Amino acid sequence: MVSVHGWVIPRSRRSEPPFFTKNQIISVLEQVGTLLQLDGANPFRVRAYENASRSLSSHEDNLWETVQEGTLIEIKGIGKGIAGLIDEAMNEGTWGDLDSLYQKVPKGLIEMLGVPGLGPKRIKQFHDELGIESIAELRSAAEEGALANLPRMGKKMEERILEGIDLLARFTGRRRLDIGLLYGEAFERRISSISGVQRAQLAGSARRRKESIGDLDIVAAVENEDIEKVTDAILSIPGIAEIKGAGDSKISLILESTIFEEAFSNSTIDEGVLAALGGEAWEELESNSTIDAQVRLVPPHVFAYTMAYFTGSKEHNVRMRQRALDMGLRLNEFGLFPLDGLGDAKGLEAAANGMPAMDETEIYEHLQMKWVPPEMREDMGEIEAALSDNLPSLIEPYQVKGALHNHTTASDGSASLSEMAEAAMALGWEYLGIADHSEVLNIGGRSIGVPQHLVKKQGNEIREMNDKWSTEGTDFRILHGSECDILADGKLDYPDSIRREFSHVVGSVHAIRSWRNRDEIENTEILIKAIEDPTFTILGHPTGRIIGGREGFPLDMHAVLRRMGELNSDGVLKACEINASPYRLDLDWRLCKFAKSQGVPIVINPDAHFKKGLKDVWFGVQMARKGWLEEQDVLNCLPGSVIEERMMEGK
DNA sequence: GCCGTTTTCGGCCCGACTGTTTTCAGTCG
């Protein structure tokens with residue numbers, strides 16, 4: 001459901017400029033786009049606001065400085081109008097005439113956008129003609145049959161809206177990447193095994209490894225004469241909760257977790273993904289858990305084009321089509337065609353005259369570009385990099401040699417030191433960093449941190465184990481760190497003398513509530529103060545977000561990373577974690593490239609609380625890939641013998 | 001509202017599906 005929470009124009013709490021932060025500006029611009037749609041504005045004007053919001057969020061420089069320099073309009077997508085708006089907001093603390101727009105559009109209309117089949121046009125029509133301002137009013141109007149009499153409406157639309165309202169209540173929100181991939185892999189395998197399907201592959205945000213997945217897209221290559229047979233077979237796959245629609249080229253479904261039973265017993269799931277998922281995520285699925293899925297059926301010779309198209313992202317595709325147009329070509333899900341001589345041929349008919357492509361590499365070659373890995377297709381600079389042959393060589397899961405943030409029974413983990421070490425060795429790792437919680441941490445009134453007097457005991461155990469491996473000639477070691485709480489005032493838990501004994505200190509915020517009650521500027525200052533402590537090594541789950549659960553606390557992460565970069569250039573090691581738990585995936589991948597540009601090393605940490613949790617590193621690697629990171633950018637790609645030294649040097 | 005070797009106006013990515021119509025508008029991805 002589109003949450004209505006937060007749909008008010010922000011008021012500044014500050015007494016001097018800048019009155020608003022970059023994140024506040026970005027969110028207002030995005031909301032204005034939506035509000036304008038509901039107000040019936042010119043769709044291109046709507047897109048201008050959406051584009052401005054997007055381009056600002058990938059703009060890495062300090063926005064306040066840009067405003068002061070007067071160079072706002074040099075940012076692509078920001079012209080005179082929006083630049084004036086941003087200038088006014090930051091300098092004066094006012095939003096021009098946007099107040100009236102926020103006032104004008106009833107909040108219930110925003111919620112209605114979440115109803116499948118309802119868009120801004122119909123919502124506006126209902127509002128203008130019938131005075132409908134909320135989902136509740138919409139439901140009763142539909143039940144009374146009041147909607148069917150409107151122009152271009154009818155009984156069927158009315159029913160669809162009622163179903164849509166129910167659906168919205170039942171199947172709300174997106175799925176975490178791990179859950180989405182479980183469904184996606186299972187569904188892909190089932191479709192691949194249908195006779196008549198020549199190839200089938202998962203596309204969409206799952207293939208791009210987004211941290212959360214709205215619905216699954218699967219492309220299947222099927223000859224024309226097999227379409228009917230294959231469609232019937234797909235519709236009879238067990239695990240389908242509902243069929244939403246089925247045409248010649250597209251099938252829309254809702255899947256439920258019963259799809260897994262046979263898929264798992266046949267071990268048909270991709271081994272790499274299954275290993276990463278460890279089966280844990282599946283066991284946790286509720287029986288009423290569902291996910292939307294679309295299957296596209298296309299002739300084999302256009303499969304690559306359709307894969308590229310439905311892998312997205314939408315923004316990447318727009319840029320690709322623009323690139324094609326620049327070369328006098330048209331690109332769509334069926335092929336790439338010269339614009340002249342295309343005539344009236346559309347869709348598949350036109351594909352006969354298109355440029356052939358056996359795989360995606362050839363599509364990019366036709367456009368004189370290097371193939372872009374799916375994870376990078378977000379229009380975050382990959383188009384330019386692919387055109388100039390400057391794409392990074394992305395990190396691979398096998399390049400990770402250990403991890404630095406994991407727990408044992410000494411705090412809230414469920415496995416002992418030696419059990420965790422064995423599991424790490426089984427993964428082929430050369431080291432395991434243990435970072436149990438510090439003393440202060442208690443969750444639900446129960447203290448789970450390691451008290452001061454037990455820190456030394458843990459250190460002794462680790463030393464004994466390391467000595468044993470060393471005499472045996474085993475290339476494995478445990479690094480004795482701590483996940484040390486960053487207190488609300490920016491101080492670190494434990495006395496200095498204890499912190500200095502650890503090989504590394506992962507500083508993490510756990511008392512999220514007090515950080516959420518402060519503003520971005522204050523939080524940023526306090527967090528930077530904590531990072532500057534000489535014993536501080538790694539920033540753990542920087543914003544505290546839980547995917548699908550809660551937003552992180554307000555923070556200017558660019559400013560934090562800039563400061564960490566300065567400290568690194570002074571020779572002090574300050575690394576930033578990508579917490580690899582699929583619940584967190586924090587640092588956000590969108591910030592990885594910036595961290596790299598500032599010279600901040602990244603550590604991919606599973607934050608494992610049990611043996612299988614170590615495998616979550618796989619998800620962290622996916623995020624690092626989305627963030628353009630290479631092997632040398634990631635600290636825990638260093639071999640065991642080197643990483644100890646690196647941490648000593650960095651103090 | 002933004003943008004511009006076609007720069008101050010007239011474009012702005014493209015197609016399938018659905019339900020409403022009898023040629024098309026709205027929605028979705």
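Everything numeric here is computed off the predicted structure, so don't read it as measured data. Heavy atoms only: backbone and side chains are in, while hydrogens, waters and symmetry mates are out. Chain letters run A, B, ... following the sequence lines, proteins first, then strands; residues in each count from 1.
A:Glu375 pairs with exactly one of A:Arg208, A:Arg209, A:Arg625 by the salt bridge (charged side-chain N to carboxylate O under 4.0 Å, His left out) rule, that one being A:Arg625. Only one option out of A:Ile291, A:Ile218, A:Leu235 pairs with A:Leu253 in a side chain to side chain contact (heavy atoms under 4.5 Å, CB included); it is A:Leu235.
The distance from atom CD1 of A:Ile251 to atom P of B:dT18 is 11 Å, rounded to the nearest whole Å. The CZ-C1' distance, from A:Phe337 to B:dC14, rounds to 11 Å in whole Å. The distance from atom CD of A:Gln322 to atom C1' of B:dC2 is 13 Å, rounded to the nearest whole Å. One atom, CG of A:Leu325, and another, C1' of B:dT6, lie 15 Å apart when rounded to the nearest Å. The distance from atom CD1 of A:Ile243 to atom P of B:dT18 is 12 Å, rounded to the nearest whole Å. Atom P of nucleotide B:dT18 and atom CD of A:Glu159 are separated by 15 Å, given to the nearest angstrom. The distance from atom CG of A:Asn332 to atom P of B:dC14 is 9 Å, rounded to the nearest whole Å. Here B:dC17 presents its C1' atom at 14 Å from CG of A:Leu297, a figure rounded to the nearest Å.
A:Leu336 places a side-chain heavy atom less than 4.5 Å from the side chain of A:Tyr305. Looking at A:Ile161 and A:Leu118, their side chains come closer than 4.5 Å, going by heavy atoms from C-beta outward.
Base pairing analysis places B:dT8 opposite nothing; no Watson-Crick or G-U wobble pair with both distances below 3.5 Å involves it.
Here, B:dA25 and B:dT20 have their C1' atoms 9 Å apart, quoted to the whole Å. Across B:dT8 and B:dC14, the matching P atoms stand 23 Å from one another, rounded to whole Å. With P as the reference atom, B:dT21 and B:dT27 are 15 Å apart, rounded to whole Å. Spacing of P atoms, B:dC12 relative to B:dG19, comes out at 30 Å, to the nearest Å. Spacing of P atoms, B:dG1 relative to B:dT6, comes out at 26 Å, to the nearest Å. B:dT22 and B:dG15 are spaced 26 Å apart, taking the P atom of each and rounding to whole Å. Here, B:dA16 and B:dG10 have their C1' atoms 28 Å apart, quoted to the whole Å.
Using modelled atom types, one finds a donor on one side chain and an acceptor on the other under 3.5 Å when comparing A:Arg207 with A:Thr311. Between A:His316 and A:Glu378, the side chains place no donor N or O within less than 3.5 Å of an acceptor N or O (distance only, hydrogens not considered). Side-chain contact of A:Glu520 with A:Thr21: a donor-acceptor pair under 3.5 Å is present, judged by distance alone. In this structure, a donor-acceptor pair under 3.5 Å is absent between the side chains of A:His558 and A:Glu60.
Checked against a 6.0 Å centroid threshold, the rings of A:Trp95 and A:Tyr102 do not count as neighbours.
Both A:Gly81 and A:Asp248 sit near DNA chain B, but only A:Gly81 has its closest nucleotide nearer the 5' end.
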Pick out the pairs of N or O atoms, protein on one side and nucleotides 3-5 of chain B on the other, that lie under 3.5 Å.
| from | atom 1 | to | atom 2 | distance (Å) |
| --- | --- | --- | --- | --- |
| B:dC3 | OP1 | A:Gly77 | N | 2.5 |

Please lay out, stage by stage, how A:Arg11 and A:Asp99 fare under the test salt bridge (Lys or Arg N to Asp or Glu O under 4.0 Å). CA-CA 11 Å; A:Arg11 299 273 163 239; A:Asp99 281 281; 2.7 Å; yes
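Contact annotation: A:Ser249 reaches the phosphate of B:dC17 (side-chain N/O to OP1 or OP2, under 4.0 Å).
Backbone-only contact: A:Ala246 has heavy atoms under 4.0 Å from sugar-phosphate atoms and none from a base.
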Summarise how protein sits on nucleotides 19-29 of chain B as a single string, 5' to 3': B when a protein heavy atom is under 4.0 Å from the base, S for sugar-phosphate-only contact, - for no contact. BB---BSSSSB
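Checking B:dC2, B:dC12, B:dA16 against the side-chain heavy atoms of A:Phe334 singles out B:dA16 as nearest.
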